[in-house]
There are 2 protein chains.
Amino acid sequence: MPSKARLARTDSGLASTLAVSVMRLSRRLRQERDSDLTATQLSALGTIRRHGSLTIGTLAAYERVQPPSMTRTVSCLLDRGMVTRAAHPTDGRQVVVSVSDEGLTLLDAERRRRDAWLAKRMRELSPADRELLRRAAPLLEGLANA
Amino acid sequence: MPSKARLARTDSGLASTLAVSVMRLSRRLRQERDSDLTATQLSALGTIRRHGSLTIGTLAAYERVQPPSMTRTVSCLLDRGMVTRAAHPTDGRQVVVSVSDEGLTLLDAERRRRDAWLAKRMRELSPADRELLRRAAPLLEGLANA
DNA sequence: TATTGTTATACTCTATAACTATA
DNA sequence: TATAGTTATAGAGTATAACAATA
């Protein structure tokens, strides 16, 4: 029996195996990009689009980074014309960020490309395994947000 | 229906959802460490232990980074006394790396700690969900290595 | 006084290109 | 000439601490 499978039999071993797998796949996904936007920027941009518009702080919480990190990421997106900034309607301290038209266009194109890489590999899996990953994705998301 | 669940119904949407989930969990796991070793170093150390000993190039391939990155990581591990370096028995160009006793000790302790964080969250899941993740882990690993 | 965001600073991770040593 | 590893260099991502503006 391979060492990894043996490890994964116990719950703590499973956590370890899962952690390594997640880190490696994350690294691989970072490499799979083509536009001038990085994986981090694309992830933030996608989150903004999914929510319509967000403040810096809320966006940072969703992406699980500290506010200064998000300020920087949004700055990069702004420089590239991918998002727009606006004053919060009632709270002058807050900043509301939305995806620009250019951002929407790039997001669609880039996501199609990145997804194509992963989707291609996933097509090589059995339908059962794909279904398994379909159900696993929200669980991983839940663990990240726990 | 939530936007994410709607997205995940299609295969390309699933890839996108999975990519975001994996990146966020990876980010979270990076934060969950206690020793002076980083997540990257721990991952490499664990891989060395799993294989007994490895050359720099092979280790880099396993971890899916370029050789110079691995040279640096191994250098850090060496500085901290976590690994030992030895000349390859027959090929003078290659370098063989193994985990030291200190490395074994730290790896066990740290992995227990990191796993405890993830395992705790996983205990909050249903047995069915845990089983799902148990089966998903090798699939994620496979995708990373594809 | 508390909260939101920014600036300043530093460290880790990673990559590419160029170099050294060995095969 | 080809391969394994290292060094040099650069850029992205992230964090903490200190600061400014607003509530």
Side-chain angles (χ1 to χ4, degrees), chain A residues 22-45 47-48 53-80 82-83 85-97 144, chain B residues 22-45 47-48 53-80 82-83 85-97 144:
Chain A
V22 163
M23 281 194 51
R24 286 210 188 128
L25 183 52
S26 162
R27 230 177 249 142
R28 181 61 181 258
L29 285 169
R30 269 182 193 279
Q31 296 166 359
E32 284 301 324
R33 58 188 169 73
D34 194 32
S35 72
D36 56 339
L37 291 198
T38 65
T40 295
Q41 290 160 9
L42 284 169
S43 180
L45 196 59
T47 296
I48 299 168
S53 63
L54 289 170
T55 64
I56 301 286
T58 308
L59 179 54
Y62 275 122
E63 293 293 300
R64 307 219 63 94
V65 296
Q66 293 300 309
S69 301
M70 191 47 70
T71 291
R72 191 182 187 190
T73 298
V74 167
S75 234
C76 289
L77 290 172
L78 203 61
D79 289 345
R80 289 162 177 73
M82 298 298 142
V83 297
R85 284 171 52 119
H88 190 280
T90 62
D91 187 338
R93 296 170 304 180
Q94 298 188 48
V95 173
V96 179
V97 184
Chain B
V22 163
M23 282 194 51
R24 285 206 189 132
L25 183 51
S26 163
R27 234 177 246 140
R28 182 61 181 260
L29 286 168
R30 267 181 194 280
Q31 295 166 359
E32 284 301 323
R33 58 189 168 73
D34 195 32
S35 71
D36 57 338
L37 292 197
T38 65
T40 295
Q41 290 159 10
L42 284 169
S43 179
L45 196 58
T47 296
I48 299 168
S53 62
L54 289 170
T55 65
I56 301 284
T58 308
L59 179 54
Y62 275 122
E63 292 293 301
R64 305 218 66 93
V65 295
Q66 294 300 309
S69 301
M70 190 48 70
T71 291
R72 191 182 187 193
T73 298
V74 167
S75 233
C76 289
L77 290 172
L78 202 62
D79 288 346
R80 289 163 177 75
M82 297 300 141
V83 297
R85 283 172 51 120
H88 190 280
T90 62
D91 187 337
R93 296 171 303 180
Q94 297 188 51
V95 174
V96 178
V97 183

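All chains are named by letter (A, B, ...) in the order of the sequence lines, taking the proteins before the strands, and each is independently numbered beginning at 1.
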Shortest non-hydrogen contact from [X] toward [Y]:
| X | Y | result |
| --- | --- | --- |
| Ala44(A) | Leu77(A) | CB-CD1, 4.4 Å |
| Ile56(A) | Pro67(A) | CG2-O, 4.3 Å |
| Ala144(B) | Arg28(A) | O-NH1, 3.1 Å |
| His88(B) | Thr55(B) | CD2-CG2, 4.3 Å |

Could you tell me if the side chain of Arg30(A) sits less than 4.5 Å from the side chain of Thr38(A), heavy atoms only? no
B/S/- along nucleotides 6-14 of chain D (protein heavy atoms under 4.0 Å) is BB----SBB
Collect all protein-nucleotide pairs involving nucleotides 1-3 of chain C in which both atoms are nitrogen or oxygen and the distance is under 3.5 Å.
| residue | atom | partner | partner atom | Å |
| --- | --- | --- | --- | --- |
| dT3(C) | O4' | Arg93(A) | NH1 | 3.3 |
| dT3(C) | O2 | Arg93(A) | NH1 | 2.9 |

Value in whole Å for how far the C1' atom of dA15(D) lies from CZ of Arg28(B): 15 Å
Could you state the CD-P distance from Gln94(B) to dA2(D), rounded to the nearest angstrom?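 About 18 Å, once rounded to whole Å.
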CG of Leu45(A) to OG1 of Thr73(A): how many Å apart, nearest 0.5 Å?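 Spacing of CG (Leu45(A)) from OG1 (Thr73(A)) equals 11.0 Å.
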Tell me which pairs pass salt bridge (Lys or Arg N to Asp or Glu O under 4.0 Å) where either residue lies in residues 59-74 of chain A, with sequence neighbours left out.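 Passing the test, one end in residues 59-74 of chain A: Glu63(A)-Arg24(B), Glu63(A)-Arg27(B).
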Just call it for Ser26(A): base, sugar-phosphate, or nothing, with non-hydrogen atoms closer than 4.0 Å on any strand.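 Touches nothing.
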Give one of base, sugar-phosphate or nothing for Thr90(B), where a contact means two heavy atoms less than 4.0 Å apart. sugar-phosphate
Audit row: Val97(A), Leu54(A), side-chain contact (heavy atoms from CB on, under 4.5 Å) steps and yes/no: CA-CA 5 Å; Val97(A) 184; Leu54(A) 289 170; 5.8 Å; no
